[in-house]
Amino acid sequence: MAWFRKQRSSKRPVGDRELDTAGKWTKCNHCREIVYRTEILDNASVCPKCDYHFRISSLDRLTALCDDGEWTEFSSELGPVDSLQFRDQKRYTERIEQYQERTGMKDAVVCAEASLGAIPVVFAVMEYSFMGGSMGSVVGEKIALAAERAAATRRPLIVISCSGGARMQEGAQSLMQMAKISAALAKLREAGIPFISVLTDPTTGGVTASYAMLGDINLAEPGALIGFAGPRVIEQTIREKLPEGFQRSEFLLEHGMLDMVVPRTEMKPTLAKVLRHLTGATKSAPSDAVAAEQAIS
Amino acid sequence: MYRKAEEFEKPLREIEEQIAELRRYPESMQRDVRLERLEKKLAETRDDIYGNLSRWQTTLVARHPRRPYTLDYVAQICTDFVELHGDRLYRDDPAIVSGIAEFAGRSVAVVGQQKGRNTKQKLHRNFGMPNPEGYRKAMRIMQMAERFGMPILTFIDTPGAYPGSGAEERGVAESIAVSLREMARFEVPIIATVIGEGGSGGALAIGVGNRVNMFQHAVYSVISPESCSSILWRDPDHAEEAADALRLTAPDLVDLGLVDEVVPEPPGGAHTDPLAAGLGLREVLERQLNELGQKSAADLVEDRYQKFRAMGTIAAG
Ligand SMILES: [Zn+2]
């Protein structure tokens, strides 16, 4: 199910995950306590009083997770095309320009090679501030390329999702990206390369119903909205109010859809630990087994 | 804005009634002349309406309550159909039917969403909106088909996966994702056909084929025009514009390189002559199965991979 983010209004409701960028002090969107802005920023953009996870940019994520805060981006040259000449109240081309200007990015995902805990990895990190992290052809292509690169270089793939789902403005082309990425992940799986999916707030629609749920290991940040249908659509369907915490990370953990809920401050050490286990296994056993099998046939 | 196909089909029903009325009179030259004139008028009106359907009208035709559903086609084009039930995990989902059957001289697996005809059936079939167990049943049957070397025929006809709380609790997103991943690697021919409504991820979940077809008046979209209108126009009454913007008809999807072939419908749509629609479907499926039958397992998997890998439009640099 596709999704589109309302343009930012100056008055921010509770639950909007952006951290106010102005001023020395800020009121936490969740606990409403007044906190030093730098205190939040120094704590990985997590409220020190209530552990509320503010939304962070793709670049901040890479900086926090990559060794020495360094990475090499790839496929950054790929940009969107308005092949449907889509127009609602505004032209898609205008929206693209506006978001490109605002974010300095061509579309809603950054792909990079880096090391995490000294393990070489391939990253794809979604950018929510680019059209709600919506998945169109570029997001599909870049994540498929990342999966293919991970398979070719035998590096684990880490995808950090933050998206409202498929991008309506590219119509059925966006829908097909679900199949395209899932197919690339199927190949990666056959190659015996680990794929770790990290779900952050929000991860919904076609992104959840494709790559975000396909990790060998699925991790989520606390309190993230994760689901297929949006909560409002579900409420309209069942004609009742959803209980508190429905479709949040902890709910998904309880229902068996996630391996772990990991606080942002623990994300890097957790990923490093998991990767050490998984890559240790790929180095010895499977490659030898493949060689042995080829020798026989 | 039309809400139902019956609204713009009204002139046809009126002429049909006139014809039926006239037929009750005893045969006479005068009657036959008038009948002939009415038949001609009917055909012209039908061509006029069905030759100029807007995208929104096509959407309504795709949802037509008299349109043939998966089991109608299976009954017509297959023999010895054995329906198989259940996901072996939770329950049987009547919104997806699956089984094994004979088609054009070979055994195939059949999977499709199923809508209901009357109120009771509609509720039983959940309006063709599958729960996760439906996709898991489909997966079970498709995996079995691969083990026994049977081609897989899928029939897509759903507004979407069911947006209910139970579906979320039982991981509808995961069930769709796994289906997309596994279908990509099956070493048997897969042919997917959108027979009516291809609603978003819940449709695509059984749509990863070596060939993807759409009936002439079917639609396939990332989101329904109504929902798209509600989000982008903040008002569901722009569904007509949204349908145009989304480009969701069979010719649109062929143009976008997402669909291989359009299955022709009889004049006035599949519901006016389901048997003719079924014959068209049989012809396409049989031809495609023969083509795919020439390919090795490895080629089937690689071709399917490359087919979906190429979907989308990107500016490089
Ligand atoms: Zn707080």
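Keep in mind it's a predicted model, so treat the numbers as computed, not measured. Lettering follows sequence order; numbering is per chain, from 1.
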Checking heavy atoms, do the side chain of A:Met178, its backbone, both or neither come under 4.5 Å from chain B? both
Tell me whether the guanidinium CZ or amine NZ of B:Arg136 lies under 6.0 angstrom from the six-membered ring centre of B:Tyr90 and within 45° of its axis. no
Residue part contacting chain B, namely of A:Leu258, when any heavy atom lies under 4.5 Å: neither
Sequence-distant partners of A:Phe246, side-chain contact (heavy atoms from CB on, under 4.5 Å), two or more places apart: A:Ile234, A:Leu242, A:Pro243, A:Phe251, B:Ser165, B:Glu168, B:Glu169
If you measure from CD1 on A:Ile143 to OG on A:Ser161, what distance do you get to the nearest 0.5 Å? 6.5 Å
Would you compute the distance between atom NZ of B:Lys137 and atom OG of B:Ser175 and round it to the nearest 0.5 angstrom? 13.0 Å
Residues of residues 203-217 of chain B near chain A, each having a heavy atom less than 4.5 Å away: B:Leu204, B:Val208
Cation-pi, A:Tyr92 ring and A:Arg95 (6.0 angstrom, 45 degrees): no
Identify which part of A:Ala212 has an atom lying under 4.5 Å from any heavy atom of chain B, answering side chain, backbone, both or neither. neither
Among A:Lys106, A:Gln89, A:Lys187, residue most engaged with chain B (heavy-atom pairs, under 4.5 Å): A:Lys187
Counting heavy-atom pairs under 4.5 Å with chain A, the top scorer among B:Arg181, B:Glu182, B:Arg304 is B:Arg181
If one checks every heavy atom of B:Ile314 against chain A at 4.5 Å, the contacting part turns out to be both
Who wins among A:Glu235, A:Lys180, A:Met213 for the most heavy-atom pairs under 4.5 Å with chain B? A:Lys180
Measure A:Gln85 against the heavy atoms of chain B and call it side chain, backbone, both or neither at under 4.5 Å. both
Part of A:Glu240 within contact of chain B (heavy atom distance under 4.5 Å): neither
Non-neighbouring partners of B:Arg63 that pass side chain to side chain donor-acceptor pair (under 3.5 Å), sequence neighbours left out: B:Glu197, B:Glu226
Quick check on B:Tyr220 against chain A: is it the side chain, the backbone, both or neither that has a heavy atom closer than 4.5 Å? both
Hey, could you give me each pair passing ring pair (Phe, Tyr, Trp, His ring centres under 6.0 Å) that has a residue in residues 232-252 of chain B? Not counting sequence neighbours. B:Trp233-B:His238
Where on B:Arg170 is there a heavy atom nearer than 4.5 Å to chain A: the side chain, the backbone, both, or neither? backbone
State, with a plain yes or no, whether a side-chain heavy atom of B:Pro163 is found less than 4.5 Å away from one of B:Met129. yes
Heavy atoms from other residues, nucleotides or ligands near CD of A:Glu244 exceed 12 (cutoff 6.0 Å): no
Side chain, backbone, both or neither: which part of A:Gln247 has a non-hydrogen atom closer than 4.5 Å to chain B? side chain
